[in-house]
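Written out below as structure tokens is the structure these notes cover.
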Amino acid sequence: IERELRKRDKHIILANAEDSQNDEERIKCLDYLIERDCDGILMSCPELSVIQLAKIEARYPKVVFINRDIEELIDKTFCANHYQGGRLAAEHLIELGHTEIAIVTGRMNAQDAISRHQGFIDRLAESGIEVKPELIESGGYSFELGRAATQRLIDKGIPFTALFCGNDNSAMAAISTLNEQGIVVGKQVSVIGYDDIDLAEYASPSLTSVRIPLEEISINACHQILNLCYGESLPIKTRFEPTLSIRNSTHSVKQLENK
């Protein structure tokens, strides 16, 4: 985003709501930017409700929302098809023969996390695979929460041959935690992440992940804010499809059994 803005001699002011505990704190971050007379605002806040975002747009029309899917604001919301992303992850594990599957979710009060989780569950169900409730743990998006969630799964002693994580940080934390417990990823269990961040291919083993085109999403959102604020006519795309980057952290059940 900053790179695109600098091309036009524009600059950004950042307000970070990542650690906000409630909607009031998140709205304060928005107010911080409005009070500084910003020309426009790009928001990424998956926890706020559709009604709240509609109120924000009515109050401050020169705003666009990243990682939100709101049909009524289709030209101001930029996101990937997270439901399809969840389906892609499930499809991969089904093709590899996995039926005993665990999940470390993202923050389930966020639209994108709900969508990817539902897509994953639905695709498994279509193949007659049900994830045991005991094998679903909330992991947030941090390394620490991913590690803790994975450890809780291990401590339950319920076997699983594959683990789907809500983002790559959780997945890399899961790989580390499993390996520390003597469960070798790629040999005894498969792990699949989400987002396909740059570090994913450098994990050990390299991480299979659902790729979300975050750069393309951000650039298009940036173009729309330039259109809204400065009368430009830059072409935009608002919806994006995920793909799957297959690496060494996932293997077929037969390969796992033979290693």
Side-chain angles (χ1 to χ4, degrees), residues 1-86 106-107 109-116 119 141 166-168 194-198 210-243:
I1 291 173
E2 186 174 13
R3 183 175 64 245
E4 287 298 306
L5 291 175
R6 284 188 178 276
K7 289 178 183 178
R8 292 162 176 82
D9 199 28
K10 308 299 180 184
H11 305 277
I12 63 171
I13 299 175
L14 178 66
N16 187 359
E18 178 70 23
D19 296 325
S20 297
Q21 300 300 309
N22 52 57
D23 289 347
E24 183 180 355
E25 291 182 6
R26 297 180 185 106
I27 296 298
K28 282 183 179 179
C29 289
L30 173 66
D31 290 338
Y32 171 86
L33 297 175
I34 293 174
E35 289 166 3
R36 277 146 187 80
D37 200 27
C38 293
D39 293 341
I41 295 175
L42 293 92
M43 286 190 68
S44 177
C45 199
E47 293 84 5
L48 289 175
S49 71
V50 172
I51 292 174
Q52 288 169 316
L53 296 182
K55 288 180 179 178
I56 290 170
E57 194 275 337
R59 173 188 172 197
Y60 196 86
K62 293 180 180 179
V63 62
V64 299
F65 304 101
I66 297 175
N67 206 26
R68 294 304 300 263
D69 186 1
I70 305 172
E71 192 64 31
E72 295 79 6
L73 297 173
I74 193 166
D75 62 337
K76 293 187 176 182
T77 52
F78 297 78
C79 66
N81 184 345
H82 291 292
Y83 182 82
Q84 178 61 19
R107 292 193 296 262
N109 62 336
Q111 183 189 56
D112 60 334
I114 294 170
S115 294
R116 80 187 57 146
Y141 293 127
N167 78 342
D168 290 339
Y194 199 94
D195 287 334
D196 197 21
I197 63 174
D198 291 342
V210 177
R211 181 182 181 277
I212 301 301
L214 295 174
E215 183 172 355
E216 191 178 356
I217 292 170
S218 299
I219 288 173
N220 277 269
C222 186
H223 286 175
Q224 182 65 321
I225 206 71
L226 291 167
N227 292 342
L228 292 171
C229 294
Y230 308 113
E232 298 199 33
S233 300
L234 298 169
I236 63 166
K237 176 182 177 182
T238 64
R239 298 298 181 266
F240 303 83
E241 290 301 318
T243 55

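Quick caveat, the model's predicted, so the values are computed rather than measured.
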For the pair [X] (side chain) and [Y] (backbone), establish whether a donor and an acceptor sit closer than 3.5 Å, ignoring hydrogens and angles.
X    : Y    : value
N227 : L234 : yes
D195 : N167 : no
K76  : P61  : yes
Q111 : D69  : yes
E4   : H223 : no
D168 : D196 : yes
N220 : K237 : yes

Around atom CD of E232, are there more than 12 heavy atoms of other residues, nucleotides or ligands at under 6.0 Å?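 Counting other residues, nucleotides and ligands, CD of E232 exceeds 12 neighbours.
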
If you count heavy atoms of other groups shown closer than 6.0 angstrom to CG of D198, is the number above 12?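 Counting neighbours around CG of D198, 12 or fewer heavy atoms of other residues, nucleotides or ligands fall under 6.0 Å, so no.
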
Where do [X] and [Y] come nearest, in terms of heavy atoms and distance?
X    : Y    : result
S44  : N67  : OG-CB, 4.5 Å
A113 : R107 : CB-O, 3.1 Å
D9   : H11  : OD1-NE2, 3.9 Å
T238 : I74  : CG2-O, 3.3 Å
D31  : R59  : OD1-NH2, 2.6 Å
P242 : V210 : CB-CG1, 3.8 Å

Please list all pairs passing the ring-ring contact (aromatic ring centres under 6.0 Å, His included) test where one or both residues lie in residues 46-83, with sequence neighbours left out.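 Output for this query lists H82-Y194.
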
Quick one: [atom1] on [X] to [atom2] on [Y], what's the gap to the nearest 0.5 Å?
X    : Y    : atom1 : atom2 : value
I12  : R6   : CD1   : CZ    : 8.0 Å
I66  : C45  : CD1   : SG    : 12.0 Å
E2   : C222 : CD    : SG    : 10.5 Å
E215 : F240 : CD    : CZ    : 11.5 Å
I1   : S218 : CD1   : OG    : 4.5 Å

Ion pair K28/E25, N-O distance below 4.0 Å: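 Salt bridge absent between K28 and E25.
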
Please determine if R26 and D23 form a salt bridge, counting it only when a charged side-chain N lies under 4.0 Å from a carboxylate O.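 So R26 pairs with D23 through a salt bridge.
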
Is there a side-chain hydrogen bond (donor to acceptor under 3.5 Å, both in side chains) between T77 and R239? Walk through the geometry before answering. CA-CA 8 Å; T77 52; R239 298 298 181 266; 2.9 Å; yes

Are L48 and I56 side-chain neighbours, meaning at least one heavy-atom pair lies under 4.5 Å?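 In contact.
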
Check: residues 32-43 side-chain donor-acceptor pairs under 3.5 Å, at least two apart:
{"unit_1": "R36", "atom_1": "NH1", "unit_2": "Y32", "atom_2": "O", "d": "3.0"}
{"unit_1": "D39", "atom_1": "OD2", "unit_2": "Y230", "atom_2": "OH", "d": "2.5"}

Under the rule for side chain to side chain contact (heavy atoms under 4.5 Å, CB included), what residues qualify as partners of I114, not counting sequence neighbours?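 Expected list: M108.
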
